[in-house]
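The next block holds one structure in the form of structure tokens; read it before the comments.
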There are 2 protein chains.
Amino acid sequence: MNKPSPTDQQRPYHHGDLRSALLAAAEKILETEGIQALTLRAAARAVGVSHTAPQNHFDDLTGLLSELAAVGYQRFSAAVQAAAAAVAGADMRTRNRETGRAYVRFARAHPGLFALMYRSERLDVTRPALHAAIGLARQALRQTTPSSDQAAAPPIRLAAVGAARWALVHGFALLLIEGRLEGLMKAVPGGVDPDELLDAVFDVVRVSVDNPDV
Amino acid sequence: MNKPSPTDQQRPYHHGDLRSALLAAAEKILETEGIQALTLRAAARAVGVSHTAPQNHFDDLTGLLSELAAVGYQRFSAAVQAAAAAVAGADMRTRNRETGRAYVRFARAHPGLFALMYRSERLDVTRPALHAAIGLARQALRQTTPSSDQAAAPPIRLAAVGAARWALVHGFALLLIEGRLEGLMKAVPGGVDPDELLDAVFDVVRVSVDNPDV
DNA sequence: GGCTACATGTTTACGCTGAAAACATTTTTC
DNA sequence: GAAAAATGTTTTCAGCGTAAACATGTAGCC
């Protein structure tokens, strides 16, 4: 009805790349204002589009969050893989430490995104993009624990090694970004930063299929 | 205005113990329908009270969630402490394993509550009840890692031991209740249940201030 | 070139939610 | 026994997710 006035010629009816713009805006909101502020309408507002426009690209809020999580998993996989590649020749202990560092580094750099990625109640894992991205991440992580040196251990022990490494790093990352390690870190005379603490954790932990303990 | 008719004499104007009733209803909703269904109004409906009545006891939604989390921390502390007490005489490795089992057992028994307890964006940690309950839990966990045998190790190593144990068990619990360990568990021929996997994790992990590795 | 299908945005509308404000009913306190 | 406080209710408002109807631009097809 309204013909475009000279001042709003800038904005054509079609955005051009609304999907990407919405994802970028959503990530920004997630990292600056928290996940409770990340709404469909807020993302639409940030891009300057009507509040139902996102539905065309993501169906509903779960869709937007899932696609955003998929982006997160892709970046996460790339980061882990790059870290693993950088120490490809080293022994397994070094490789695991380096990928663990990358894991925690990612969580610290994108705390909101990382938390979203592991908040399954808001995600739809059957979405193709998310499903694929999670598979990619799984693959990136698994390649770092090939246990090529300890081939024929009991399967449950191999599974336990994988679970232990994952749990250790994942738990550390989550506790860290939730601020739960603050007390522990401040209790050390002189203070410790997260990187130092993580290194110390690696120094203090041994994960092996042939653990001599019982 | 309306005098009570014979049929609703049952419900006096004052509930009697609305606060407790709301907390119980909230927990039930949390565990059966998930955290996104846990609203002030839903809790009020479940108890059969006006939708603003909860405000008198919890101010707002953050208040309700925080008080519920406090209840969770209290129960959690009791469970961990009971587990520790049951093996009070044993060596440290046994004590840590047993408290770790209790940690994971609690998370599995109350997955919604456990997730809420570590979802800080919805909680107000300055609430006295929650603050106190978290302190209690910290204390219950700390008493299991006194490292009485390794007294004079570098402080950062002691901190790392605590962080490592916590991260390992916490990460395991979270990955487990989010279903992220399903693949790992199914990959083991014959199948594994979470308890077995956790035991295997403990078998495979060694945490010590004097780790000989480097 | 023109016409039709489709993709992409907008407007409108509805029910749910959190929350504040004004009010009603008990209980407690002095 | 009256005043004050605690506890519930009713009313109201704005923000949210989502569906439906509609508008506008794009792309394929003849």
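A note on names: the letters A, B, ... follow the listed sequences, proteins ahead of strands, and every chain is numbered from 1.
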- Message: At a heavy-atom distance below 4.0 Å, what parts of residues 26-45 of chain A sit against DNA chain D?
- Response: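 Those residues are A/Thr39, A/Leu40, A/Arg41, A/Arg45.
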Produce the list of close N/O pairs, under 3.5 Å, pairing protein atoms with atoms of nucleotides 19-21 of chain D; give distances to one decimal.
none

Grab the [atom1]-[atom2] distance between [X] and [N] for me, whole Å please.
{"X": "B/Leu18", "N": "D/dT9", "atom1": "CG", "atom2": "C1'", "answer": "12 Å"}
{"X": "B/Phe58", "N": "D/dA6", "atom1": "CZ", "atom2": "C1'", "answer": "15 Å"}
{"X": "A/Arg19", "N": "C/dG9", "atom1": "CZ", "atom2": "C1'", "answer": "17 Å"}
{"X": "A/Leu61", "N": "D/dG15", "atom1": "CG", "atom2": "P", "answer": "18 Å"}
{"X": "B/Asn56", "N": "C/dT27", "atom1": "CG", "atom2": "C1'", "answer": "14 Å"}
{"X": "B/Asp17", "N": "D/dT7", "atom1": "CG", "atom2": "P", "answer": "10 Å"}
{"X": "A/Leu65", "N": "D/dC16", "atom1": "CG", "atom2": "P", "answer": "14 Å"}

- Message: I need the full list of ring-ring contact (aromatic ring centres under 6.0 Å, His included) pairs touching residues 41-80 of chain A, with sequence neighbours left out, sorted by first then second residue.
- Response: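 ring-ring contact (aromatic ring centres under 6.0 Å, His included) check on residues 41-80 of chain A returns A/Phe76-A/Tyr103, A/Phe76-A/Phe106.
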Which atom pairs, donor and acceptor, lie under 3.5 Å between side-chain atoms of residues 28-37 of chain A and protein residues at least two apart or in another chain?
unit_1: A/Glu31; atom_1: OE1; unit_2: A/Gly112; atom_2: N; d: 2.9
unit_1: A/Glu31; atom_1: OE2; unit_2: A/Gly112; atom_2: N; d: 3.3
unit_1: A/Glu31; atom_1: OE2; unit_2: A/Leu113; atom_2: N; d: 2.9
unit_1: A/Thr32; atom_1: OG1; unit_2: A/Lys28; atom_2: O; d: 2.7
unit_1: A/Gln36; atom_1: NE2; unit_2: A/Glu33; atom_2: O; d: 3.4

What donor-acceptor contacts under 3.5 angstrom involve side-chain atoms of residues 61-71 of chain A, with partners at least two apart or in another chain?
unit_1: A/Ser66; atom_1: OG; unit_2: A/Thr62; atom_2: O; d: 2.7
unit_1: A/Ser66; atom_1: OG; unit_2: A/Asp124; atom_2: N; d: 2.8
unit_1: A/Glu67; atom_1: OE1; unit_2: A/Arg19; atom_2: NH2; d: 3.1
unit_1: A/Glu67; atom_1: OE2; unit_2: A/Arg127; atom_2: NH1; d: 2.9

What pairs with [X] under salt bridge (Lys or Arg N to Asp or Glu O under 4.0 Å), at least two apart in sequence or on another chain?
{"X": "B/Glu121", "value": "A/Arg119"}
{"X": "A/Asp60", "value": "none"}
{"X": "A/Arg101", "value": "A/Glu98, A/Asp199"}

- Task: Identify, with sequence neighbours excluded, every residue that meets side-chain contact (heavy atoms from CB on, under 4.5 Å) alongside A/Ala79.
- Result: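 For A/Ala79 there are no side-chain contact (heavy atoms from CB on, under 4.5 Å) partners, ignoring immediate neighbours.
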- Message: Restricting to non-hydrogen atoms, name the atom on B/Met117 and the atom on B/Leu123 that form the minimum distance, rounded to 0.1 Å.
- Response: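 Reported closest heavy-atom pair: O-CD1, 3.8 Å.
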